[in-house]
**Q** 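One structure, as structure tokens, below. Some questions next.
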Amino acid sequence: MRRIAIDPITRLEGHGKVLIYLDEEGKLRDAVLQVPELRGFEAFCRGRRAEEMPQITARICGVCPEAHHLASAKALDAAFGAEVPKPARLQRELFYNAYIFSDHLLHLVFLGGPDLLLPEDVGKAERNVFGVLRRFPDLGRRVLEGRAQAQKIVELIGGKAIHPVFALPGGVAQPLGKEAQAALAAAAPRLMELARTMIALFHEEILPPPVPGPPPLRGGLAPPTTWAWWTKTLLPTSTTGRCGSFPPRARKFSASPARKLCGGSPSTGSPGPT
Amino acid sequence: MKLAVYWTGSCGGCDVAFLELGPALLDVLPKLEIVFWPALVDAKRADLEKLPKHGIDVALVNGVLRTAENVEMAELLREKSRWLGAFGACAHLGGVPALANPGEELAEVVFGPGFRPAPPLEEAPEDAPPELLPEALPLEEVVPVDFVVPGCPPPADLIARFFAAALAEEIQPGQVFAEEKALCEECPRTREERRLARLVRPHEALADPTKCLLDQGMVCLGPVTRGGCAAACPKAGMPCTGCLGPTPKAGDPALAMLSALASLVRAGEEGEPAFPEEDRILEGLVDPIGTLYKYAFAKYGRPLRRLARRREEVRA
């Protein structure tokens, strides 16, 4: 029997190893994905203070703590039966949008970038964030600067960028100060410019050339013009930005009422986007 | 400088924390040779095993030790490294996951009663999933640790301080890359009252933006916690929860903080008649273990756990 071990799996958040066993003829006998890690949030969250949950559950993942922080805060809003006042809701949305911005940069350049941006002949020693930074120093600097600005916005609102502290049941810990508002306004145009550069880069360097046939499904938001990731449901959209519904098999896993979110006119039963 | 970064039981936040250096990362990068870093680089455990003893200049371990494999990796990195540092609150103190301690039943709580991991192939018994340790442990419980970069995760300034020292070969044995003084020293809030007439939880009151949170009745661990984060949480209107670890003066953070709370609490005039009311105020401290040992239960909570077990035995 031949054993192939990929230990550990690398360049993604989380622990894992892959074990592949082949018989004498080289045919697959068994393959195992092992996740040799358990911290046990299900156990140690018990008995803690409810209002601590947004901070504690953020530690599920340090790459997307903002998502866990707000998911937990939403659960607390419901548990306390507290309605979030508009300014607090906007603060949470702005926080999350800034996070989405910074997370896209993180993925596109530093985590996925080694696969997306580096040529095929680059070996494993160079196929990483450091290889990307060496090969694209100017882009690397711009992205590091842009990400730092976006993270600063997350931090101004959330207290800390990694493992934020600001969300509480029914709202947030404090209003956004004048100083923070000025910093946000100053950062916005520079970040917009970076976003345009990155979108162009994505279309020119990364996206494969268009293939004939119906446009592929892609993730979008409902309604597609509202960039409120943390309150909306992810739905497929067409390349023109119109909102669709998941095909029947996928819909089983989506608890959201697509009809309501899409303004009452989704093409139910259609296998693809409308 | 040959650098290795590894995560044991962790969230990945310590790995992302390096990117928080921003463009300053580009100044450090040319001086580093990354030999092992699963979050960002494709080197495998076998590559690490092939390195000679002390083939790594500095290894940073983040995460709590929760499995037998975590311990093996900690020992392997210790053997291969000239300097080994605990990076982040989990490796330093046990961190949030150590609130599960003792945690003997952890897998059963998570996966259901009677849970057993899937057995390995008969011919490959070495591929069985690693055993869970009975307790989550900080790094220093298993291998000698040369220095600490604390925080959950470590703030960018402290990481920069670490790199400056490491690249200059100036790390002091036992060095903790944070302030020895308490967080209060760098907190912009003003402390006046120095008495505690009530305890409030963060969601129960809108904090005054300029006054000390402890003065306002919130259990803020600033007085017993190292500075080094520019008081990030108090600035955001939330009490410090102690992620940089206790100051050398405080020692056990829960005992130090309980002592501070007990001496600050005042119900009317000083003296015995006020004691029952002062006791009642202190009972407002909900979940003392999770609040005062949020990151440090593995390192400091053991006597308490021993005491609880002893009490159960006596009761039985």
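In what follows, chains are A, B, ... by sequence order, proteins preceding strands, each numbered from 1.
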**Q** Does any heavy atom of chain B fall under 4.5 Å from the side chain of A:Ile60, the backbone, both, or neither of them?
**A** backbone
**Q** Check each atom of A:Arg59 against the heavy atoms of chain B and say whether the ones under 4.5 Å are side chain, backbone, both or neither.
**A** both
**Q** Go through the atoms of B:Leu21 and report whether side chain, backbone, both or neither lie under 4.5 Å from a heavy atom of chain A.
**A** neither
**Q** Where does B:Leu40 contact chain A at under 4.5 Å (heavy atoms): side chain, backbone, both or neither?
**A** both
**Q** Can you tell whether the side chains of B:Asp42 and A:Arg11 come within less than 4.0 Å, N to carboxylate O?
**A** yes
**Q** Heavy-atom distance under 4.5 Å to chain A: side chain of B:Leu19, backbone, both or neither?
**A** both
**Q** Does any backbone or side-chain atom of A:Pro36 lie under 4.5 Å from a heavy atom of chain B? Answer side chain, backbone, both or neither.
**A** both
**Q** Please classify the contact between B:Leu99 and chain A as side chain, backbone, both or neither, with a heavy-atom cut-off of under 4.5 Å.
**A** both
**Q** At a 4.5 Å cut-off on heavy atoms, which part of A:Asp30 comes close to chain B: side chain, backbone, both, or neither?
**A** side chain
**Q** Given heavy-atom pairs under 4.5 angstrom as the criterion, report whether the side chain, backbone, both or neither of B:Ala43 touches chain A.
**A** backbone
**Q** Hey, is A:Arg190 close enough to A:Glu145 for a salt bridge, meaning N to O under 4.0 Å?
**A** no
**Q** Students often mix this up, so state it plainly: with edges at 30° and 60°, are the rings of B:Trp37 and A:Phe130 parallel, tilted or perpendicular?
**A** tilted
**Q** Is any NZ, NE, NH1 or NH2 atom of the basic residue among B:Asp127 and A:Arg3 found under 4.0 Å from an Asp or Glu carboxylate oxygen of the other?
**A** yes
**Q** Between B:Phe297 and chain A, with a heavy-atom cut-off of 4.5 Å, which part of the residue counts as in contact: side chain, backbone, both or neither?
**A** neither
**Q** Salt bridge or not for A:Lys152 and B:Glu20, using N-O below 4.0 Å?
**A** no
**Q** So how far is it from B:Asp287 CG to B:Arg201 CZ, rounded to the nearest 0.5 Å?
**A** 9.0 Å
**Q** Whether B:Glu123 and A:Arg29 form a salt bridge (side-chain N of Lys/Arg under 4.0 Å from carboxylate O of Asp/Glu) is what I want to check.
**A** yes
**Q** Please look at A:Lys160 and chain B and tell me whether the side chain, the backbone, both or neither of the residue comes under 4.5 angstrom of a heavy atom of that chain.
**A** side chain
**Q** Could you tell me which portion of B:Glu33 (side chain, backbone, both or neither) has an atom closer than 4.5 angstrom to a non-hydrogen atom of chain A?
**A** neither
**Q** Which bit of A:Ala58 is near chain B, if near means a heavy-atom gap under 4.5 Å: side chain, backbone, both or neither?
**A** neither
**Q** Select one option (side chain, backbone, both, neither) describing which atoms of A:Leu12 are under 4.5 Å from chain B's heavy atoms.
**A** backbone
**Q** With a 4.5 angstrom heavy-atom cut-off, is it the side chain or the backbone of A:Leu168 that approaches chain B, or both, or neither?
**A** side chain
**Q** Strictly below 4.0 Å, N to O, side chains only: are B:Arg66 and B:Glu135 in salt-bridge contact?
**A** no
**Q** Below 30° counts as parallel, above 60° as perpendicular, anything between as tilted: where do the rings of A:Phe80 and B:His203 land?
**A** perpendicular
**Q** If I measure from the heavy atoms of chain B, does A:Leu106 come under 4.5 Å with its side chain, its backbone, both, or neither?
**A** side chain
**Q** So what's closer than 4.5 Å to chain A heavy atoms on B:Arg45: side chain, backbone, both or neither?
**A** both
**Q** Side chain from CB out, backbone as N, CA, C, O: work out which of these in A:Gln151 comes under 4.5 Å of a heavy atom of chain B, or both, or neither.
**A** side chain
**Q** Taking side chain as everything from C-beta outward and backbone as N, CA, C, O, which of these in A:Glu52 sits under 4.5 Å from a heavy atom of chain B? Side chain, backbone, both or neither.
**A** side chain
**Q** Between A:Glu37 and A:Arg39, is there a side-chain N and carboxylate O pair less than 4.0 Å apart?
**A** yes
**Q** So what's closer than 4.5 Å to chain A heavy atoms on B:Thr8: side chain, backbone, both or neither?
**A** backbone
**Q** Under 4.5 Å heavy-atom distance to chain B, tell me which part of A:Arg46 shows up: side chain, backbone, both or neither.
**A** side chain
